[in-house]
Amino acid sequence: MILTLLILVPIAAGILSFLAKDSAKAVALISSIATLGLAAYISAASYSQPMAWSIPWIPRLGAQLSLYSDGMAAMLCLLTGIVMPVVFISNWNKEVENPGGFYGLMLLAQAGITGVFLAHDALLFYFFWELALIPVYFLCSIWGGEKRIPVTFKFFVYTFVGSLLMLSAIIFLALQNPGANAYGWDNIVSAGMSLDPVTQQWLFWLIFIAFAIKMPIFPFHTWQPDTYEQSPTSVTIILSALMVKMGLFSVIRWLLPVVPEGVAFWSNTVIILSIIGIIYASCIAIVQTDMKRLIAYSSIAHMGLMSAAAFSQTSTGMHGLMVQMFNHGINITGMWLIVSMIEQRWGTRDMTKLGGMAISAPKMAIAFVIISFANIGLPLTNGFVGEFMLFNGLFQSPSPYHISYMVLAGLGVILGAVYTLNMVQKTTYGNTVGMTIQKDLSVNEYVGLAVIIGIILMLGVYPKPLLDMTAAAAGVMMP
Amino acid sequence: MKAIIASTVFGVILMFTGLMVKEKRSVGTVAILLLALLLGVNIWELSAAGNQPQTYFNNMLRIDRYGLWFNTLMTGCTLLYAMLVNKDIQRVGAHVAEYFALICFILCGIYLLSSYNSMLMLFLGIEILSIPQYILAGSDKRNLKSSEASLKYLLMGSFSTGILLMGITLLYGATGTFNIIGFTFLQDDLLSPTALAGIIFLMIALGFKVSAAPMHMWTPDVYDGAPTPFTAFMATVVKAGIFVAFMKLFSVGFGALSNHWMLVLAIVTAATLLVGNITAVFQQSVKRMLAYSSIAQAGFMLFAILAVNATAWQGMIVYAVAYSVATIGLFAVLLKLKDYTYDGFNGLAKKQPLLAGVTAIFIFSLAGIPLTGGFMAKYMVLQAALEQGQLMWLVIFALLMAAVSAYYYFRVIIAMYFKQGNPELNSEVTGSDKLLLIVTGIIVLILGIAPQVVIAGI
């Protein structure tokens, strides 16, 4: 029952925000802190044993309202729970037009994303998958940048095509074992596993394209840099920290166990695509001058590594993936927050026009450096733990090319250091070219970044809680 | 049977009301009262009906629960429609009472179509339903486009009626009966070329009436030319009525022979989806876009006919209601605007947030976004088609086309929410308009969350 609250609280608060208009900010903050509390409680409770809840929904179709939280789902709910208040706190002083609508849609998006993580019924999963998209579409299109309308429309159509293909696969799977619980996860998994290998092989793509677009992996990524650039930063955070996790999470929950033969057949293809994505995106990131675009491409590179590990079929890789999903969410939130603060203060995101942040805003510069290190995956930051395990998993992969995978993906880390440090250097050090206005962190920004950096350092030194939490889930998934 | 009689009697009463009552508003009120009464008659008949079908006129009519429930829902949609666009109907021309009377007669045709057993009754139903439509399409007689629509509809409609009769004749020649239940004795090895030709003729004729490609040519011109309030009716309730007849004929009558006509109908379905969706993308007027979208939606409803199973029958009802309610609501909003192009919607969200909000719900429903009735409807007909087993390719194609449909539907959302503008309204949006639109929006959402409210009545 408490699982439903995790979805219902943001929905209720979202509707309240629409009505509250000017005090929507406060409503959003209070509800997001409440959901953080709930998520923390659920994480603690599902630490040892998964939680589940279900009631009949559409008996005729065999669909149930069924929620389930194991370590992985709880961890992602916790991530959602942490990211939302951090975003709200950091943007507390930023004025938005029509705050009621803005915060209301943010909270509805939160509800949709949480629903995706918790749904244990394929139809319900599809519902939330789409519902998370609609508020984000509106957020980007109303509050976004100059080219927002065509860009977000492309994003919408892209993801919609993917979801519809997935829908046909879901119906197909549910029809294999019709009954009162035809759409239940267990039923879908047993239906998928009992299919013959050839069917699994084409079913794999019907399901995977939706997730590949969401993550995004090469060559389905073209919507992503434009959308990240045009969205308001709070929404970019939702997109990159939370929504791309929907793609990875769904691969683990709804693809790997459902069509194992298909996965075995295509895993090399997907890993190769992911590695192409890593190198390609890293190379593009190096030549970017717009910070938002740079981080967008860096995110594609990171997602490439994670999706490669997801298909490495090793439990270490899977475990690392879960840890890294959390870490990436935290780190990229920090990156976007810094970029938005830079843009707010100095009016540009163009690195060539910036410099000398260490003088004009020293605290912010320190935070930026730490978050950048985490983004590269330096030891003592959370990024290191995850990436180490990902590479370890990729190396153990049963594929004959595992060493080449490892080497090529490792190239991505080096390139990652190149563009990230280049960005840090151009903005933080040097002369105070564009950053003549002296304005360091305000209290709310300080709190937001402190939470992020606290988590980065804590998990960098002592990742055990996170590892323990997801161990069972990682073990369960793998044969 | 009670509803069939009542609809005719009420139609006649309405015509006399036109003679006696001169004020348009009162005529509108009387019409709504009579339609509500008709809904009551339907519910009465439904609640009195047992599980056994009732037969009338030597088994020519066979009224079962499914038909009665369908009639009740469609009458409900008509009542909703009449209340939403009442004022706009009064604005079309002088003969308000006649318009409502014709709508009553159309309902009578639908009642026949949902419960026929003899193909002669099918023919009667189609004609009772079509002739009032020819008149309604031309009711704005000073407008050339309206007259053109009427004439075009009449000519093309009579042509297809001829084909329908031809098909009925051929089948009668092949089997010696008009009763669709009698056809079940047709076995694969006994199927004569005459009977096969009859089936194809019937498919063409009914495909014409539901605007399936390549028999769809009349639809955009007629829907665009006809006065908007009547387009809303023709594109929704009427179409659903013909679809039920279509499904009944091919499921009950020719179901056993499905391997003979399945491929032809599957190709027709694919063509309908392709033509409807792709052409809709290029339209500049929302009214014309809705005409093409009605072709596209017909493509989805054809899945229910292709599937020939129990899920299809349920899916058809959900689709009929979800599509009708959302489209009627959208037309009701469209009627409030002066400019029917996409630009006419620019900035509606700022000026009329409520109007824009419900329009968004209707658009989501037509595009098939979850939480709305349109999603559940598409979902059920596609599930029915997949249960059938051989149509995976068509389902995937249909879903890709649904993604294309999002392109043109969402242009309305983009115009309303993301563009600036000052949309001009035809008439003031009164409190009762708002209430009705909210109710319509809530119906769409309920259908999306709990479609069993509609399925349960079967």
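Hydrogens, waters and symmetry mates are skipped; everything else that's a heavy atom, side chains included, is used. Just so it is clear: chains get the letters A, B, ... in the order the sequence lines come, proteins before strands, and each one is counted from 1.
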Using non-hydrogen atoms and a 4.5 Å limit, figure out which bit of B/Y379 sits close to chain A: side chain, backbone, both or neither.
both
Between B/R65 and B/N51, is there a donor-acceptor pair closer than 3.5 Å when you use the side chain of the first and the backbone of the second?
no
Could you look at A/L175 and say if it's the side chain, the backbone, both or neither that has a heavy atom under 4.5 Å from chain B?
side chain
Measuring heavy-atom distances to chain B, does A/W202 have an atom under 4.5 Å in its side chain, in its backbone, in both, or in neither?
side chain
Only heavy atoms, only distances under 4.5 angstrom. Which residues in residues 186-199 of chain A are near chain B?
none
Measure from the side-chain N and O atoms of B/T272 to the backbone N and O of B/A213, and report whether any donor-acceptor pair falls under 3.5 Å.
yes
Okay, side chain of A/W223, backbone of A/V151: is any donor-acceptor separation there less than 3.5 Å?
no
Whether B/Y407 and A/F153 hold their rings parallel, tilted or perpendicular, with breakpoints at 30° and 60°
tilted
Step by step, work out the side-chain contact (heavy atoms from CB on, under 4.5 Å) result for A/Y126 and A/E130.
CA-CA 6 Å; A/Y126 183 80; A/E130 290 281 298; 3.8 Å; yes
Aromatic rings B/F300 and B/F303: how do their planes relate, parallel, tilted or perpendicular, breaks at 30° and 60°?
tilted
One option among A/L167, A/L133, A/L165, A/L206 has the most heavy-atom pairs under 4.5 Å with chain B, and it is A/L167
Per-residue contact mode, B/I449 against chain A (heavy atom under 4.5 angstrom)
both
So which part of A/W129 gets closer than 4.5 Å to some heavy atom of chain B, the side chain, the backbone, both or neither?
neither
Give, for atom CG of A/L255 and atom CE of A/M166, the distance between the pair rounded to the nearest 0.5 Å.
11.0 Å
Look at B/I455, B/L382, B/I369 and state which one has the largest set of heavy-atom pairs under 4.5 Å with chain A.
B/I369
If you apply the rule ring-ring contact (aromatic ring centres under 6.0 Å, His included), what do you find for B/F364 with B/F410, and how did you get there?
CA-CA 8 Å; B/F364 286 155; B/F410 271 65; 5.7 Å; yes
Residue A/L131 versus chain B: region with a heavy atom under 4.5 Å
side chain
Within residues 387-398 of chain B, residues adjacent to chain A where the heavy-atom gap is under 4.5 Å:
B/E387, B/M392, B/V395, B/I396
Test of ring centre spacing under 6.0 Å for A/F155 and A/Y137:
no
Whatever's closer than 4.5 Å to a heavy atom in chain B on A/F128 counts as neither
Would you say the rings of A/W57 and A/F127 are close, in the sense that their centroids are separated by under 6.0 Å?
yes
B/L400 versus chain A, the contacting section by heavy-atom distance below 4.5 Å:
side chain
How long is the straight-line distance from NZ of A/K214 back to CZ of A/F220, given to the nearest 0.5 Å?
14.5 Å
Heavy-atom pairs under 4.5 Å with chain B, option from A/N98, A/V157, A/V161, A/L123 with the top count
A/L123
side-chain contact (heavy atoms from CB on, under 4.5 Å) between A/Y183 and A/L173, worked out
CA-CA 8 Å; A/Y183 287 90; A/L173 283 166; over 6 Å; no
Under 30°, 30 to 60°, or over 60°: which ring-plane class applies to A/W266 and A/F204, parallel, tilted or perpendicular?
parallel
Below 6.0 angstrom between ring centroids: does that apply to A/W254 and A/F125?
yes
Examine whether an atom of B/A367 lies under 4.5 Å from a heavy atom of chain A, and if so say whether it belongs to the side chain, the backbone or both; otherwise answer neither.
backbone
I'd like to know whether B/T269 forms a side-chain contact (heavy atoms from CB on, under 4.5 Å) with B/I305, so could you lay out the CA-CA distance, the side-chain angles of the two residues, the decisive distance to 0.1 Å, and finally the verdict.
CA-CA 10 Å; B/T269 309; B/I305 297 167; over 6 Å; no
